[in-house]
Novice: 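Have a look at this one before I ask anything.
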Amino acid sequence: MSGKLRRVIAETPLYYKEIVINITASFGVAIKENCLALTPLISEADEALYASKREGRNTVCVVENGEYIKLDSSPLVKGK
């Protein structure tokens with residue numbers, strides 16, 4: 001879902017007066033596992049967002065088992 005939202009945002013120009021503004025978005029995704037409380041889940045999503053930003057604009061990273069995976073192009077993003 002975050003990948004689709006990212007694409008829709010990138011493909012939808014914003015118009016201000018006579019100026020066309022192109023917008024991109026990066027997302028961090030964490031998956032709730034049985035033992036994960038809300039606070040650590042939010043922290044993981046936040047870290048995944050920073051991983052997305054390190055990878056460049058218009059990206060989605062998901063954290064899985066402590067590793068960050070960049071969606072849409074697969075290479076692992078290193079480190080917290």
Novice: Please tell me if the side chains of L5 and F27 come closer than 4.5 Å, counting only heavy atoms from C-beta onward.
Specialist: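 Sidechains of F27 and L5: in contact.
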Novice: Can I9 be reached from I21 by stepping across I, L, V, M, F, W or Y side chains whose heavy atoms are under 4.5 Å apart?
Specialist: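 The answer is yes; both residues are in one hydrophobic cluster.
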Novice: When hydrophobic residues are tied together by side-chain contacts of less than 4.5 Å, even through go-betweens, does I23 share a cluster with L49?
Specialist: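 No, because I23 and L49 fall into different hydrophobic clusters, even though each may have its own neighbours under 4.5 Å.
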Novice: Any side-chain heavy atom of E47 within less than 4.5 Å of one from Y68?
Specialist: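 Answer yes - side chains close enough.
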Novice: For the atom pair SG (C61) and CG (L71), what is the distance rounded to the nearest 0.5 Å?
Specialist: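 Reported to 0.5 Å precision, the distance equals 7.0 Å.
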Novice: Look up atom OG in S26 and atom CZ in R54, then write down how far apart they are to the nearest 0.5 Å.
Specialist: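 Those atoms lie 11.5 Å apart.
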Novice: Would Y50 and I42 show up in the same hydrophobic cluster when neighbours are defined by side-chain heavy atoms closer than 4.5 Å?
Specialist: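 Different hydrophobic clusters.
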Novice: Taking the side chain as C-beta and beyond, is there a heavy-atom pair between V63 and V29 under 4.5 Å?
Specialist: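 No, too far: nothing below the 4.5 Å cut-off.
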Novice: Shared ILVMFWY cluster between Y16 and L14, side chains joined below 4.5 angstrom?
Specialist: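 Yes, it is one cluster - the side chains of Y16 and L14 are joined through contacts under 4.5 Å.
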Novice: What pair of heavy atoms forms the shortest contact from A45 to A30, and how long is it?
Specialist: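 It is N-CB, 3.6 Å.
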Novice: Kindly indicate whether the side chain of R6, heavy atoms from C-beta on, has any atom under 4.5 Å from the side chain of N58.
Specialist: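 Side chain of R6 against side chain of N58, heavy atoms only: contact under 4.5 Å found.
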Novice: Hey, is the main chain of S52 close enough, under 3.5 Å, to the side chain of T59 for a donor-acceptor pair?
Specialist: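 Present.
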